[in-house]
Amino acid sequence: MQWASVLLLAGLCSLSQGQYDEDSHWWIQYLRNQQSTYYDPYDPYPYEPSEPYPYGVEEGPAYAYGAPPPPEPRDCPQECDCPPNFPTAMYCDNRNLKYLPFVPSRMKYVYFQNNQISAIQEGVFDNATGLLWVALHGNQITSDKVGRKVFSKLRHLERLYLDHNNLTRMPGPLPRSLRELHLDHNQISRVPNNALEGLENLTALYLHHNEIQEVGSSMRGLRSLILLDLSYNHLRRVPDGLPSALEQLYLEHNNVYTVPDSYFRGSPKLLYVRLSHNSLTNNGLATNTFNSSSLLELDLSYNQLQKIPPVNTNLENLYLQGNRINEFSISSFCTVVDVMNFSKLQVLRLDGNEIKRSAMPVDAPLCLRLANLIKI
């Protein structure tokens with residue numbers, strides 16, 4: 001009986017082996033047949049393909065189950081690129097475009113820089129009011145071809161790049177959500193008092209390399225402003241009423257000839273002030289103009305100063321090269337000179353003046369004991 005069982009089992013194994021010999025790859029064919037009934041539910045044409053997928057093709061979508069489908073190619077203007085791995089960004093830069101293409105509603109970041117765009121027509125962004133960044137720098141945009149309300153509807157806009165264009169006026173109205181505004185390298189001649197009205201969240205304003213002659217009190221309401229760059233303009237006066245949160249003020253390469261007394265006291269967080277290449281004289285500066293305890297760096301180089309203006313002992317870097325200074329007054333740095341009272345100045349530039357190193361008083365090393373560079 002035992003022998004009969006063994007013989008029966010051997011016969012079954014022989015039969016199975018014979019089936020494998022007839023088709024040694026039957027399991028591959030089976031998998032192919034299984035795949036042939038599969039289709040991508042997000043495919044534009046979801047029907048069963050006429051030919052089975054080749055063996056080894058990855059089944060199913062690449063994204064996790066339940067996630068939204070990737071954007072279809074037709075949802076991106078043909079002039080631009082919309083990377084699948086960054087579905088909220090649209091790249092239309094450096095393509096010789098002369099117009100703004102359609103912006104899909106899902107977009108958060110659009111890049112149109114370095115083209116030949118000359119106009120921003122009204123309503124061009126109405127379909128994508130959720131935009132966060134709009135880059136339009138390096139074009140040929142003129143003020144008379146910018147829609148009056150083209151940006152006001154973008155209530156989430158944080159950064160707007162309009163630098164390196166042909167603007168002659170400040171654009172507006174602008175959304176209150178704006179944090180950075182880049183308008184440098186244009187032809188703007190003035191900043192009206194209401195041009196920046198309502199921009200309480202603005203932290204950085206770039207207006208350098210324009211033709212601005214006055215800004216008036218337009219900066220007063222910018223209570224979040226940290227950086228203000230008005231360099232390379234035609235200002236004769238400093239802006240009225242600096243914001244209290246300001247930390248960096250750049251006014252170099254203007255025609256400023258005076259700074260009011262206690263001008264910087266309204267900005268207790270101010271760290272860096274650059275006023276080089278202006279027309280400052282000692283007659284245009286009050287005694288305590290730069291005696292601000294928050295200042296760390298002050299650049300007054302290439303002006304018409306004849307004396308070193310008094311500075312606070314907390315100042316660390318002072319640039320006075322290229323003036324007409326002819327004396328070294330230690331009282332400009334230390335009102336009292338002793339072991340406990342000294343300046344924190346580390347860098348002092350006095351080269352290019354009418355003063356010689358021998359003019360330094362004997363108590364200068366005690367006052368300027370932390371200085372590692374004094375250039376005369």
Which residue in the set D163, L228, L227 passes side-chain contact (heavy atoms from CB on, under 4.5 Å) when paired with Y206?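 In the set D163, L228, L227, the residue that makes a side-chain contact (heavy atoms from CB on, under 4.5 Å) with Y206 is L227.
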Under 6.0 Å between the ring centres of F328 and F333?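 Yes, they do, as the ring centres are separated by less than 6.0 Å.
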Are [X] and [Y] close enough that some pair of their side-chain heavy atoms sits under 4.5 Å apart?
X    : Y    : result
V150 : F125 : yes
S118 : K98  : no
L315 : L296 : no
Y257 : Q304 : no
P101 : C80  : yes
L181 : L196 : yes
L350 : I325 : yes
S244 : S267 : no

Backbone of [Y] reached by a side-chain donor or acceptor of [X] within 3.5 Å:
X    : Y    : value
N283 : T281 : no
N139 : N165 : no
N115 : C92  : yes
D299 : S301 : yes
N254 : L230 : yes
S224 : E200 : yes
S143 : R169 : yes
D338 : M340 : yes

Under the side-chain hydrogen bond (donor to acceptor under 3.5 Å, both in side chains) criterion, do Y99 and Q116 qualify, and how do the steps go? CA-CA 8 Å; Y99 60 92; Q116 300 178 31; over 6 Å; no
Apply side-chain contact (heavy atoms from CB on, under 4.5 Å) to Y263 and R265, showing your working. CA-CA 6 Å; Y263 176 68; R265 288 187 181 177; over 6 Å; no
Applying ring-ring contact (aromatic ring centres under 6.0 Å, His included), name anything that partners [X], two or more places apart in sequence or on another chain.
X    : result
H209 : H185, Y232
Y302 : H277
Y250 : none
Y109 : F86, W133

Are there over 12 heavy-atom neighbours, none belonging to [X], within less than 6.0 Å of that residue's [atom1]?
X    : atom1 : value
Q113 : CD    : yes
R176 : CZ    : no
Y272 : OH    : no
R237 : CZ    : no

For the atom pair [atom1] ([X]) and [atom2] ([Y]), what is the distance rounded to the nearest 0.5 Å?
X    : Y    : atom1 : atom2 : result
I226 : L205 : CD1   : CG    : 13.0 Å
L235 : S279 : CG    : OG    : 11.5 Å
E197 : S218 : CD    : OG    : 11.5 Å
D81  : Y91  : CG    : OH    : 9.5 Å
I308 : Q306 : CD1   : CD    : 13.0 Å

Set of residues satisfying side-chain contact (heavy atoms from CB on, under 4.5 Å) with respect to Q213, sequence neighbours excluded: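 Testing Q213 for side-chain contact (heavy atoms from CB on, under 4.5 Å), a comparison that skips the adjacent residues, returns H234.
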Evaluate the criterion side-chain contact (heavy atoms from CB on, under 4.5 Å) for residue pair L132 and L157; output intermediate values, then yes/no. CA-CA 4 Å; L132 299 177; L157 188 65; 5.8 Å; no
Residues L162, H182; criterion side-chain contact (heavy atoms from CB on, under 4.5 Å); working and verdict: CA-CA 6 Å; L162 283 168; H182 298 254; over 6 Å; no
With a 3.5 Å cut-off and no angle check, do the side chains of N291 and N312 form a donor-acceptor pair?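 Distance-only check passes for N291 and N312.
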Consider only side-chain N and O atoms of H156 and E158, and report whether a donor and an acceptor are under 3.5 Å apart.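 Side chains of H156 and E158: no pair found under 3.5 Å.
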Tell me the closest heavy-atom pair linking S294 and K269, and the distance in Å.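 Looking at all heavy atoms of both residues, the shortest contact is OG-C, 4.1 Å.
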Is there any salt bridge (Lys or Arg N to Asp or Glu O under 4.0 Å) pair reaching into residues 141-156, and which pairs are they, with sequence neighbours excluded?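 Salt bridge (Lys or Arg N to Asp or Glu O under 4.0 Å) check on residues 141-156 returns D126-K153.
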Steps toward salt bridge (Lys or Arg N to Asp or Glu O under 4.0 Å) verdict (R274, D229): CA-CA 10 Å; R274 294 180 183 172; D229 193 343; over 6 Å; no
Determine whether L178 and N201 satisfy the following criterion, side-chain contact (heavy atoms from CB on, under 4.5 Å), listing intermediate values before the conclusion. CA-CA 6 Å; L178 205 60; N201 295 307; over 6 Å; no
Check ion pair R357-D351 (N to O, under 4.0 angstrom):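 Salt bridge: no.
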